[in-house]
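For ligands, and for the atoms within them, numbers begin at 1 and follow the listed sequence.
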Amino acid sequence: MENDKIKARIDELRAEIEENNRRYYIENSPVISDFDYDRMMNELISLEKAHPEFITPDSPTQKVGSDLESPHTGAGAKPSSPADRKHEFEQFPHKYPMLSLGNTYDIPEVEAFAERAVKGLGTAFTFCCELKFDGTAICLTYRNGKLARALTRGDGAIGDDVTANVRHISNIPQTLSGSGYPEEFEIRGEIYMPYKAFDKLNEERLRDEDQPFANPRNAASGSLKLINPEEVAHRGLECTLYHMLGENLPFQTHDQALKAAAGWGLPVSDKRRICRDISEIEEYINYWDTARKALPFATDGIVIKINELPCQKELGYTAKFPRWAVAYKFKAEDAVTKVLSIDYQVGRTGAVTPVANLEPVLLSGTTVKRATLHNREQMLQLDIRVGDYVHVEKGGEIIPKITSVELDKRGNDTVMPVFPDRCPDCGTPLVRDEGEAKYFCPNSDGCPTQIKGKLVHFISRKAMNVIAGDATIDQLFSLGYVRTPADFYDLTMAELLTLEGWKERSAKRFLDSLEASKKAGFEHVLFALGIRYVGETTAKSLAKHFRDIDALMAADRDTLLSVDDIGEVIADSITDWFSRPEHLREIERLRAAGLKFSMEDMQKQASSALEGLTIVISGNFSVSRDEIKEMITAHGGRNSSSVSGRTSFLLAGEKPGPEKIRKAENLGIDIIDEARFRAMIADSARGPEPQDDGIGPAVPDQKEKNPVQLTLF
Ligand code: IVH
């Protein structure tokens, strides 16, 4: 490869790795498997090794993936501006850098690690082999036998202070038992969610129509960063500790340190084993590659550590990893099962996705009954037939995928699937855009599944936030009351009372919720319209840039392309959407119903009631925390994430964080509740005539949440 091409490939890999780091560490919602991620990272490592002139200190090969939600100003510093921080946690520097582990999927590389250690050390030593727990890293500090602080890994130098949450994890002792523990020490480990707790949590989330977590690791890391510590207690998190650090610790080996920790009541796994050579290490690996499937929690490999602490010290660290340890990672678990049938599902945007129904099979602790085949191309590539035995794997996504077909097992009774050429729902011939892998039903305004999908999307929480479920949409659609979103706003009490099972109370609540939705900001309305490729973030950029729908409608392709994050595909989709007369009519109807189609509409409502005030929020409110923050800014206030001498007041919802309350009380800062806060902004926004505060939807019923978009599973 020429140098230009190599540099371009390095840049591409860095961008992809950074994006996947963000999804994995911050959003807790990875989209690729660990194996694919590691493959990209290894390609980048080899390119940089061959071309050290391209190595930069900010390359992902030189730093650990960060779970901090905002950048910081350097070691020992607090984040640059509290207002920049989206999260609730104070950040503190790690006393010792919190690094990651070099990893491999190959036994010969483990052998090479062992040989390097033998050569480098020139003295007798042993290995300590342990399970690699698949959770999220934690660093606990104990002072005088008491849990003093818990920090996440963060970016390795600074971590988020999650002490309040960690105090609700039942197997982490607040106070050590026994005696002989150092006055102060750190012990690091993993917070994980056992399969049982994970299944329960996802069941609850599905019932509440919340997006389920993709895997126990994401669930653990998302739960650890919950704002409400008491909520953490219900998540069933557990901890295992595997690395003790401190000044002058009285141990010769890592194993002794862990034994002592267990004696003080700390959770330490008893599955570790001291190995003398590579054959014992391989034995351990082979044993656990199978045995781990019966464990009640997820593991993704084995960690091999040099056991003697002086040897660890001698080998030291690279910028990213210890040289005294390596992780051998297991390949993703795979199961073989039979394809019973194939469904073709139509989504909100008309995309048709083939989905295989499978003979139920156990995979990574959960029973798999369906797997996506993505698109027609994928089906052809796999050469899949109904009746075939296939390999299923869980990648980064929650939906398992079929990776290959067992052609040797194919019987005579298998049936070749036929990808439909018409929409399975409305019969319209399917189309495929150039360069697209998916087939689409183009009848976007006439295909029942698409119409219902769009209605569900319109009312979803991040869009108009109207309280209703799929069943309500089905009822309203089948009776012909609602065909387009604007029809929602023409509904009457009399019509709703004709719906089966509806009483005056439920009808009133639905109508109130529709009324409240009229206060949703322009960016929510734009997102709610369901223009293909215009997700939440794009809708925000468009609203910020164009300020109102008329300017957006008037924008040509080039103007759209000049907006941040808008590429050709999105620009074409937007111009196409606005070129349709039925969409323009819909906008006029929604505008007439009172929905906000400009940023100015929103600002008119605001006041300067909170001008100059710095407000910290904590706990749960009748609306989302983001909405409360929007209210603060709309009324001239500033939202800050941590209580300090500069805080004007703490706005406390239900179950506020005890640390914040304590800090506010200590500093003599006022603590006010939501009702008082709403009164403050309403008084000022009202003027002489009493009226609603004009910002934020009405108080929704906490139990009844509206659904996420129609999902395949
Ligand atoms: S030792 C200096 N031991 O895996 C690094 N890590 O992929 C010391 N992990 O960053 C880490 N089980 O979060 C160690 N038995 C174990 C582990 C373990 C899981 C995590 C840890 C690490 C990550 C690397």
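A donor-acceptor contact closer than 3.5 angstrom is absent between the side chains of His374 and Gln381.
Residues Phe213 and Phe198 keep their aromatic ring centres 6.0 Å or farther apart. Note: Phe185 and Trp264 meet the aromatic proximity criterion, with ring centroids under 6.0 Å apart.
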Which protein N or O atoms sit under 3.5 Å from any N or O of ligand 1? Give each pair with its distance.
unit_1	atom_1	unit_2	atom_2	d
ligand 1	3 (N)	Lys305	NZ	3.0
ligand 1	4 (O)	Lys132	NZ	3.0
ligand 1	7 (O)	Lys132	NZ	2.8
ligand 1	9 (N)	Tyr242	OH	3.3
ligand 1	10 (O)	Arg153	NH1	3.2
ligand 1	10 (O)	Arg153	NH2	3.1
ligand 1	12 (N)	Phe133	N	3.0
ligand 1	13 (O)	Arg153	NH2	3.4
ligand 1	13 (O)	Glu190	OE1	2.9
ligand 1	13 (O)	Tyr242	OH	3.1
ligand 1	15 (N)	Glu130	OE1	2.8
ligand 1	15 (N)	Leu131	O	3.0

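The side-chain hydrogen bond (donor to acceptor under 3.5 Å, both in side chains) check on Asp277 picks up Ser279, with sequence neighbours excluded. A search for salt bridge (Lys or Arg N to Asp or Glu O under 4.0 Å) contacts involving Lys320 returns nothing, not counting sequence neighbours.
Residue pairs satisfying the salt bridge (charged side-chain N to carboxylate O under 4.0 Å, His left out) criterion with at least one member in residues 233-251, sequence neighbours excluded, are listed as follows: Glu231-Arg235.
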